[in-house]
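Contents: one structure, followed by commentary.
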Amino acid sequence: MSISASAVAAFTSAYGEEPAGLWAAPGRVNLIGEHTDYNDGFVLPFALPQRTVAAVGPSPDGTFAVCSTLAPEPVTFGITEPGEVTGWGAYVAGVVWALREAGFEPPAVRIAIDSEVPLGSGLSSSAALESSVLTALIDLGGLDVPLERRPAIAQRAENLYVGAPTGILDQSASIRCEAGKALFLDCRSYEIEQIPFDLAAAGLAILVINSNAPHQHVDGEYGARRKSCEESAAILGVTALRDVGVDDLPGALDRLGDEVLRKRTRHIVTENQRVLDTVALLRAGQVREIGPLLTASHASMRDDFEITVDQVDVAVSTALAAGAYGARMTGGGFGGCVLALIDAARADETAAAVAAAYAERGFTAPTSWVAVAGPGATKL
């Protein structure tokens, strides 16, 4: 059964009728630019073909209800405030709340969810859920919400309703990406540029390796990294670390007495520059040449931002040893996925090498697939 048919079946089973329509939004891979988004910096994600599908129909009694193939018993709620709906249903209640906070009146609906975005993998299953529901509510309610405003509404749901201090990257990718493109996003101005990302034409591929190490944002580590960045910006007298350029970095580090703050700042500043350098190479059609930037990004996340775990470090080093042009962890860290830029013909070989390295160390087996840049949120 397709994911769309599964969502329809879940809707019919839960509510006894057919949905009004289907809306889908993708997970994402961040090619480069990790933790730069909440520092007003630059990111370069692309949307995955794996999507979350929301089957949605009007609610007869004015309340909201949502179920999923993983939780078939509906979560029901009315007009709520942050904290009143918890668990996975908070992501949906948060979107309703955030739309109302933004001055829009979403229609009362019933929703059934199915998803092929791996949960807890760092591929932003939460943003895919938020974005599919948000798009459905906008369409069904005839709400005049410009595309460029939508990511911030979904982000507000996650930040203030769910309580996860994520930046704008995930929701922007899930809503604004285009097929065959990487989304170059300025997280301060929200300006975007669609960067051609046709790897197949160059005989290349991005292999995504899910480490299957648990990945969780709503714990202390993500928030601690964000707090460190804000502390550094305050000490340096800038609005955000985006305002510190690589040429300014030595002087900035001299002004930061705390070694942890120095390391966190060095990652953000150098990572922003790596995004800009990657975009310049892609514009010039020099796709293979981005590899060393990906690998340098991983080293920075491992050594300066300290967000990697053994499983992702092993996946990166093994992919590089197998001939990858570059490899890095993608996502918020502490588990999740690795991406490797490889010759397309070597995908199976590279995946097998990583699987063997995991088996040797007694890690849970990884799962791997080739990622192709897909479209953003849409009505099916």
Side-chain angles (χ1 to χ4, degrees), residues 25-48 52 82-83 85-95 97-99 101-102 115 117-134 149-177 183 185-188 190 192 214-230 233 240-242 264 267-268 271-272 275 301 305 307-308 329-337 376-377:
R28 63 95 188 97
V29 163
N30 191 25
L31 185 62
I32 196 164
E34 225 61 78
H35 288 262
T36 48
D37 56 347
Y38 57 78
N39 286 285
D40 285 1
F42 305 101
V43 295
L44 190 64
F46 63 91
L48 289 168
T52 292
V85 177
T86 58
W88 75 273
Y91 291 93
V92 177
V95 169
W97 172 83
L99 268 170
E101 286 286 298
S115 183
V117 183
L119 299 177
S121 61
L123 301 178
S124 203
S125 56
S126 59
L129 172 58
E130 293 155 0
S131 300
S132 61
V133 170
L134 176 65
R149 283 195 64 187
R150 298 181 187 186
I153 291 172
Q155 181 202 12
R156 189 170 169 82
E158 187 149 350
N159 287 177
L160 298 182
Y161 200 103
V162 178
T166 55
I168 196 72
L169 186 164
D170 297 344
Q171 293 82 7
S172 294
S174 193
I175 290 170
R176 304 192 72 182
C177 275
L183 183 79
L185 171 67
D186 181 330
C187 296
R188 172 168 286 168
Y190 294 174
I192 66 167
H215 170 95
Q216 177 58 262
H217 270 171
V218 195
D219 57 12
E221 294 293 347
Y222 190 102
R225 297 306 183 282
R226 185 166 187 161
K227 186 169 182 286
S228 293
C229 293
E230 291 166 351
L241 289 180
R242 182 273 190 50
R264 306 298 186 253
H267 167 72
I268 298 300
E271 186 78 347
N272 271 323
V275 176
M301 289 188 287
F305 226 60
I307 55 173
T308 71
M329 186 192 74
T330 184
F334 311 104
C337 288

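- Heavy atoms only, all atoms of each residue included: Thr36 and Ile268 are closest at CG2-O, 4.1 Å.
- With a 4.5 Å cut-off on side-chain heavy atoms, Cys177 and Arg28 do not count as touching.
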- Item | Worked verdict on Leu134 versus Ile175 for side-chain contact (heavy atoms from CB on, under 4.5 Å) | CA-CA 10 Å; Leu134 176 65; Ile175 290 170; 4.1 Å; yes
- Task: Please report the C-alpha distance between Glu158 and Ser126 in whole Å, then the side-chain angles of each, then the deciding distance to 0.1 Å, and finally whether the side-chain contact (heavy atoms from CB on, under 4.5 Å) criterion is met.
- Result: CA-CA 8 Å; Glu158 187 149 350; Ser126 59; 3.3 Å; yes
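- In this structure, the side chain of Ser132 engages the main chain of Leu129 through a donor-acceptor pair within 3.5 Å.
- For Asp40 and Arg188, the salt-bridge test passes: some basic side-chain N is under 4.0 Å from an acidic carboxylate O.
- In this structure, Leu183 and Ser172 have side chains that are in contact, with non-hydrogen atoms separated by less than 4.5 Å.
- The two atoms that bring Gly332 and Tyr222 nearest to each other are CA-CE1, 4.4 Å, heavy atoms only.
- Looking at Gln155 and Thr166, their side chains never bring a donor and an acceptor atom within 3.5 Å of each other.
- For the atom pair Tyr38 OH and Arg242 CZ, the distance stands at 16.0 Å (nearest 0.5 Å).
- Ile168 CD1 to Leu185 CG: the interatomic distance, rounded to the nearest 0.5 Å, is 7.5 Å.
- In this structure, the separation between CZ on Phe305 and OG on Ser228 is 7.5 Å, given to the nearest 0.5 Å.
- Heavy atoms only, all atoms of each residue included: Ile307 and Arg225 are closest at CG2-NE, 3.8 Å.
- Minimum heavy-atom separation, Asn272 to Phe42: OD1-N, 2.9 Å.
- Asn30 places a side-chain N or O within donor-acceptor distance of the main-chain N or O of Gly33, the cut-off being under 3.5 Å.
- Contact record, Glu34 with Thr330: OE1-CA, 3.6 Å, taken as the closest heavy-atom pair.
- Summarising the geometry, atom CG belonging to Asp37 is positioned 5.0 Å from atom SG belonging to Cys187; distances are rounded to the nearest 0.5 Å.
- Contact record, Leu160 with Trp97: CB-CH2, 3.8 Å, taken as the closest heavy-atom pair.
- When side chains are defined from C-beta on, Pro45 counts as touching Leu169, because their heavy atoms get closer than 4.5 Å.
- Between the side chain of Ser174 and the main chain of Asp170, no donor-acceptor pair closer than 3.5 Å is present.
- Atom-to-atom distance recorded for Tyr190:OH and Arg176:CZ is 10.5 Å, nearest 0.5 angstrom.
- The OG atom of Ser131 sits 11.0 Å away from atom CD1 of Ile153, with the distance rounded to the nearest 0.5 Å.
- Looking at Glu271 and His35, their side chains never come closer than 4.5 Å, going by heavy atoms from C-beta outward.
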